[in-house]
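Here the structure comes first, spelled out in structure tokens, and everything after it is commentary.
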2 protein chains.
Amino acid sequence: MNESLDQLVTLFKALADPTRLRMVGLLAERERCGRDLASVLHVSPATVSHHLKLLRRAGLVAESRKQPYTFYALDHRVLQDAVRDMVDTEKVQEIAAGSGLPEEKRKVLRNFFDGPRLISIPAQRRKKEIVFEELLRRLPRRKEYEEKQLSRFIEAIHPDFCTIRREFIMGRYMEREDGRYRLTEKGRAAIAEGR
Amino acid sequence: MNESLDQLVTLFKALADPTRLRMVGLLAERERCGRDLASVLHVSPATVSHHLKLLRRAGLVAESRKQPYTFYALDHRVLQDAVRDMVDTEKVQEIAAGSGLPEEKRKVLRNFFDGPRLISIPAQRRKKEIVFEELLRRLPRRKEYEEKQLSRFIEAIHPDFCTIRREFIMGRYMEREDGRYRLTEKGRAAIAEGR
DNA sequence: TCATTGATTAGATAGCTATCTAATCAATGA
DNA sequence: TCATTGATTAGATAGCTATCTAATCAATGA
């Protein structure tokens, strides 16, 4: 799940340096030996070797030994695959998601939320739980909320603030006293744990 | 000319860190405020602020203030444009080229070389000069070359090694003594300067 | 066998960077 | 007016990294 994140980071790290990026450009043009690269880039052969190691690690170079030279060329595939992922918004989302919540929660949240707004209140107990904990997380953090204030916050996410406010109490995420609402221990834990 | 290299490096640097890459993923999903990002990513708000600065610098985020929050969202355009450049081999070549040789030389070399091989020997004096200096650069570096050896090296690049070998002498890039060839001062300068 | 030559590795170093805590800022609501 | 809250900045620090020189390796040709 996290592999793809690490792999992408390795790739972007490889490209995140002017010398290496120029190397990539040079190798895209034609294969070149290390000595040539060093002289074109005005760095020492040792430095070229160092950069090649990082490019290799990212899977960007193909090499062929022809004594006394080693010729390096760009392997476009890795670059193109990765780069295509970044154009696809869905794929980009997965990068973050993969290393965050477990599959189940992500799916539920995706189904019931439309960006900032809740589409509908789930009926199933488990799904309801996931959604309500997310709602909790999205509230501005206050030591306590007045009923009117809390309702306003909820309304920004879903019109039926009455039901949701009531569910917060019934689910023991919040407790109410004198018309004031406060997070319970369980509520605070859900916020912290969820993410 | 170099702007595009620097811009790309800035972009890849922005993406070359697991925390930031996850931020990009999260912001691709929907806009989020700083506090949320901090809690999802398990880092301090200060760290989020730091990363946002780098993402902003790369042109990756759009923000909208809604007291007391600032909401950040991914601006896909920059990412997609840049990333598309990397899929296009020609564009990638330009990255390196732009920050190397002047326009004229690049054009001549592109026209007369097909990767590792010389297509034809230019007739125009200026173009000939550019091409011969490139040939010189591509020879294995030796203190001196025997005629046969030199011919073999040249032949790997173009079949008419006789003409080219002769031109090396006539252009004063090399001098010949006892059937042995050596680079002149001018020859060495051309190699060093050219790149 | 030894000198040459391209590539890599080891070791050093200056400069960068991800992260934190603490301080400050800016807006809000009590 | 003051406490709260989210965001940013200042300053510190541990760890990373681009680069170099020097040493070593590996193949070749004299």
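Proteins come first, then strands; the chains are lettered A, B, ... in the order of their sequence lines, and each starts at number 1. When reading the values below, keep in mind they use all heavy atoms of this one structure, side chains included, and skip hydrogens, waters and symmetry mates.
Grouping Ile, Leu, Val, Met, Phe, Trp and Tyr residues whose side-chain heavy atoms lie under 4.5 Å apart, directly or via other members, places B:Phe71 in a hydrophobic cluster with B:Tyr69. Side-chain heavy-atom separations under 4.5 angstrom define the hydrophobic clusters, and A:Met170 shares its cluster with no other residue.
Residue B:Lys66 is out of contact with every strand shown, counting any heavy-atom pair closer than 4.0 Å. Across all strands shown, A:Arg152 has no heavy atoms under 4.0 Å from either base or sugar-phosphate atoms. Using a 4.0 Å heavy-atom distance criterion, B:Tyr72 is classed as a sugar-phosphate-only contact.
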Inset, instruction - Begin from the C-alpha positions of A:Arg137 and A:Glu134 and carry the test salt bridge (charged side-chain N to carboxylate O under 4.0 Å, His left out) through to its verdict. - result: CA-CA 5 Å; A:Arg137 255 171 247 126; A:Glu134 175 67 16; 2.9 Å; yes
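For DNA chain D, the span of nucleotides reached by chain B at under 4.0 Å from its heavy atoms goes, 5' to 3', from D:dG6 to D:dA30.
With the nearest nucleotide of DNA chain D identified for both B:Cys33 and B:Glu146, B:Cys33 has the one nearer the 5' end. Along DNA chain D, the nucleotide nearest A:Arg65 and the nucleotide nearest B:Gly34 are compared for position; the residue whose nucleotide lies closer to the 5' end is B:Gly34.
Ring geometry for B:Tyr145 versus B:Phe153: interplanar angle over 60°, hence perpendicular rather than tilted (30 to 60°).
With values rounded to the nearest 0.5 angstrom, B:Ile121 atom CD1 is found 4.0 Å from B:His158 atom NE2. For the atom pair CE (A:Met174) and OH (A:Tyr181), the distance works out to 9.0 Å, reported to the nearest 0.5 Å.
Checked by atom type, the side-chain pair A:Glu167/A:Tyr173 shows no donor-acceptor distance below 3.5 Å. Between B:Thr10 and B:Arg57, the side chains place no donor N or O within less than 3.5 Å of an acceptor N or O (distance only, hydrogens not considered).
Under the rule for a salt bridge (charged side-chain N to carboxylate O under 4.0 Å, His left out), the partners of A:Glu63 that lie at least two apart in sequence or sit in another chain are A:Arg56.
The main-chain N or O of B:Gly59 is never found under 3.5 Å from a side-chain atom of B:Arg77 such that the two would form a donor-acceptor pair.
Secondary-structure annotation of DNA chain D gives the stems C:1-30 with D:1-30, with a stem taken as at least 3 successive Watson-Crick or G-U pairs whose two distances both fall under 3.5 Å.
Of the residues in residues 43-55 of chain B, those with a non-hydrogen atom less than 4.0 angstrom from any atom of DNA chain C are B:Val43, B:Ser44, B:Ala46, B:Thr47, B:His50, B:His51, B:Leu54.
Between B:Glu147 and the options B:Arg152, B:Arg176, B:Arg180, a salt bridge (charged side-chain N to carboxylate O under 4.0 Å, His left out) holds for only B:Arg176.
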